[in-house]
Amino acid sequence: MPDVAGEGVLRIGELSKRSGVSAELLRAWERRYGLLEPQRSAGGLRLYSGADVDRVRRMRRHLATGLAAAEAAALARREETPAPAPANSPATLRAELADALASFDEPRAQAVIDQALAATTVDTMLAELILPYLHELGDRWQRGETTIAHEHFASGILRGRLLGLARGWGLGMGPAAVLACLPAEQHDLGLIAFGVALRARGWRIVYLGPDTPLDTVEEAARETRAELVMLSAALPERVRALVPRLRALAGRHRLVLGGPGAEPARAAGLTVLAGDPVAEAAALS
Amino acid sequence: MPDVAGEGVLRIGELSKRSGVSAELLRAWERRYGLLEPQRSAGGLRLYSGADVDRVRRMRRHLATGLAAAEAAALARREETPAPAPANSPATLRAELADALASFDEPRAQAVIDQALAATTVDTMLAELILPYLHELGDRWQRGETTIAHEHFASGILRGRLLGLARGWGLGMGPAAVLACLPAEQHDLGLIAFGVALRARGWRIVYLGPDTPLDTVEEAARETRAELVMLSAALPERVRALVPRLRALAGRHRLVLGGPGAEPARAAGLTVLAGDPVAEAAALS
Amino acid sequence: MPDVAGEGVLRIGELSKRSGVSAELLRAWERRYGLLEPQRSAGGLRLYSGADVDRVRRMRRHLATGLAAAEAAALARREETPAPAPANSPATLRAELADALASFDEPRAQAVIDQALAATTVDTMLAELILPYLHELGDRWQRGETTIAHEHFASGILRGRLLGLARGWGLGMGPAAVLACLPAEQHDLGLIAFGVALRARGWRIVYLGPDTPLDTVEEAARETRAELVMLSAALPERVRALVPRLRALAGRHRLVLGGPGAEPARAAGLTVLAGDPVAEAAALS
DNA sequence: ATAGGTTTTGTCAAGCTTTTGTACAT
DNA sequence: ATGTACAAAAGCTTGACAAAACCTAT
């Protein structure tokens, strides 16, 4: 699929196909809410850009969450992302973060994160700094290049920052999502990052954390009328053993699984998120 | 029971339910002894406050001890506590925090903590709000009165707040203290609280968190030239098994143990902190 | 800015679904108790915000505890939580703080600071939010663009927060620093910020506040065996007159001067901090 | 404790308007 | 492609009603 970067190249039929919205409706949205402002061909045909595809998709997302068309359109327009701000080199920051954490230097690690937060969005900070660092840390740990003390020290600090960003994520109007790690799972950082990213997209988060029995996940989902249940798994074996119960749970709630160990569930017909948390949160919305 | 702050919010039926006195009788007590002086709604309905509930309860107690109604009323009125919890007394806040966390209501829980922080020091907030709540939660959990979901939800939020207060605790010139939970131990909230309290007294904190092998504790202590190593233990059995190694560690660093399961170490000649984390942190400095 | 929860986006049906309260009842609550004050679409449809969802939920909670509708509504309105506000860049936060303070909106101002504190370190919060704002306020005041009322309102709130952060700064084992404003000087906010930053680096603070005679400063420094004396000056003239005495003081203690009016002292061979308080505190440690 | 009247509050209905996806004619 | 039309769905206002909860006075 050719990358439709800057200017108008899509005709209305193609936009319709890609966005899943009928051509008539697209024209109506344009007329009534000014959702799109396509260029015109010499003969008067509408020509849409890649940004337009995104805008229509946002509109559909908002419709799906229950907003009425006029409001959904206004929001979709307002959310236009201006342009990714040039950060001061994610790679440098990542290296500095790694170095600070490796030398038990909390203040410096905090400063690096502060710097990243000042320069970009939370999303980008997560996707470009925290999550890659965690990945790298995991790899190094597997190769025996780091000690548990370092790993613990680093997660303590990152957990604090992530939970700080998470403050208030239970507030508001969005649909609720229950987040938990499967029984015996302790790694919650990716899950928190996922929650923060979901939150930024309007969800309301109910966070249960590591090592949560499925019974109580269900209880929480019921009590909070959650529209989504996200379970994180690090180790495939544990997931395999739980597949029947997970399937039952999926019958009663919209269930998604994530984390490095979630793969086995896919074969069982369950929804598995494979990418990085931020991207998946974006896709879910 | 819920808040019901200053002014009249209860109608007579609800007061009746809460005090266990029939509505007719309440009106009679008002007329005859002036026990209550409720506000009135625009339409003339009586509106009672939380203090009124207490006054009626006192009245009942006095009746039960055999006083005549008139005397009981007089007494109940005279006993009015001048400052009956100015809406943010520790007890009230604690109840409200418990209520918020029990109903998966993150924003309210955060608001309660904010309120406490605005009114007192971090030390007091920890000692009077967070730690007692954790204690209570533990008790309730043991009695099967709460579910794991609630316990997880609550610790997630409290951990976030504590780690927020902890931010920057590695900064400075003070002596360093290494904090960790013993292997297999997951409960780190008390340990973090201890760290925060230590920090407020000038220590520099290196926090390793839950489930940390002794090897790596020692490694971190060496690398950071720590003057103190604090290990937290929830279950006595685990401590017993580790006593020899702990003793060796104590030979090389100033070592203290804490948490509900640390007792067995005392017999082995190790230093054990028995009180609440804040008090112990104060004593250490 | 993805989640624009501030504005009205929900129609009554959706609010009904999310809050579990029928549309008729929502309208009744609005009419009878003014619980909600939705915006209106061009055609007159009610448009609700995320805060409205929360308010309805609070109302339901109070109803569930037995309050009658009128009282439940009054309470739900009174309990308004300051602001949800999704994660933001420093610049945005600063603008929002300025806006809140300019409109005498204390809760919102507090919420902005809360948010900043949740997401970053105290250092960064000071350096990126509070101090730049103070600078800006000073400039505006000089240009006559703000009134004394605003200036007082703003400093009152900021002083409160800073002193909140300062709580306990006299505690601990670090070296002591005496902080004071020169005689006749009233502006202490920068000085307090400096103290907070010093404290974060392990110093013990002895704070004497505005308009302190030099005699008193010296006495405090002697009694507390301070390793550092920091004096703040806003107006150069006052400093000039005091140079001889300051020089004498510098002979007995390590003395530094700060604030916009400290410059003249430099010529006299005294140490003057010119940068922002946080950076200077870092440099001193 | 009862009687007789009032207030409060959730629900419903009638009649009309707005919104919005789709269809059709030019 | 444009403009108009249309009908279903969702909202709005006004008014009313009945059950529950309260009031005063006896």
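Just the heavy atoms: all of them, side chains too, but no hydrogens, waters or symmetry mates, feed the values below. Chain letters run A, B, ... following the sequence lines, proteins first, then strands; residues in each count from 1.
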Subject >> Under the side chain to side chain contact (heavy atoms under 4.5 Å, CB included) test, residues paired with C:S16 that sit two or more places apart >> reply: C:L26

Subject >> Side chain of B:R27 (C-beta onward), nearest among E:dC23, E:dC12, D:dG10 >> reply: E:dC23

Original post:
Choosing from D:dG21, E:dC22, D:dT11, which nucleotide comes nearest the side chain of A:L25?
Top reply: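 Of all the options, the side chain of A:L25 is nearest to D:dG21.
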
Holding to ring-ring contact (aromatic ring centres under 6.0 Å, His included), I want the full list of residues that pass it with [X], two or more places apart in sequence or in another chain.
X      : answer
B:H62  : none
B:Y133 : none
A:W203 : none
C:Y48  : none

Subject >> Closest-nucleotide 5' rank along DNA chain E - winner of C:Y48 and B:I12 >> reply: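 Closest to the 5' end, via its nearest nucleotide, is C:Y48.
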
Subject >> Nearest-nucleotide comparison on DNA chain E, the residue closer to the 5′ end among B:G13 and C:A23 >> reply: C:A23

**OP:** Please report the shortest heavy-atom distance between A:L208 and A:T216, naming the atom on each side.
**Re:** CD1-O, 4.3 Å

For [X] and [N], what is the distance between atoms [atom1] and [atom2] respectively, to the nearest whole Å?
X     : N      : atom1 : atom2 : result
A:R32 : E:dT4  : CZ    : P     : 13 Å
C:E14 : E:dA9  : CD    : C1'   : 15 Å
C:L15 : E:dG11 : CG    : C1'   : 13 Å
B:L47 : E:dA21 : CG    : P     : 16 Å
B:L26 : E:dT24 : CG    : C1'   : 16 Å
B:R40 : E:dT24 : CZ    : C1'   : 10 Å
B:K17 : E:dA21 : NZ    : C1'   : 10 Å
C:L67 : D:dT9  : CG    : P     : 11 Å

Original post:
With sequence neighbours left out, what residues match B:E136 under side chain to side chain donor-acceptor pair (under 3.5 Å)?
Top reply: B:R140

Using nucleotides 1-3 of chain D, report all nitrogen or oxygen pairs with the protein that are shorter than 3.5 Å.
none

**OP:** Answer yes or no: does a side-chain N or O of A:W29 lie under 4.0 Å from OP1 or OP2 of D:dT20?
**Re:** no

**OP:** Could you check whether B:R46 gets within reach of a base, just the sugar-phosphate, or nothing at all, counting any heavy atom under 4.0 Å?
**Re:** sugar-phosphate

Polar atoms only, N or O, under 3.5 Å: list the protein pairs with nucleotides 17-19 of chain D and their distances.
residue: D:dT19; atom: OP1; partner: C:S41; partner atom: OG; Å: 3.2
residue: D:dT19; atom: OP1; partner: C:G43; partner atom: N; Å: 3.3
residue: D:dT19; atom: O3'; partner: C:R11; partner atom: NH2; Å: 2.5

Original post:
Do any pairs count as a salt bridge (charged side-chain N to carboxylate O under 4.0 Å, His left out) and have a residue in residues 23-32 of chain C, sequence neighbours left out, and if so which ones?
Top reply: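 Sorted pair list: C:E30-C:R40, C:E30-C:R46.
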
Original post:
Would you call A:R201 and A:D123 a salt bridge, using N to O less than 4.0 angstrom?
Top reply: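 Result for this pair is yes, salt bridge flagged.
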
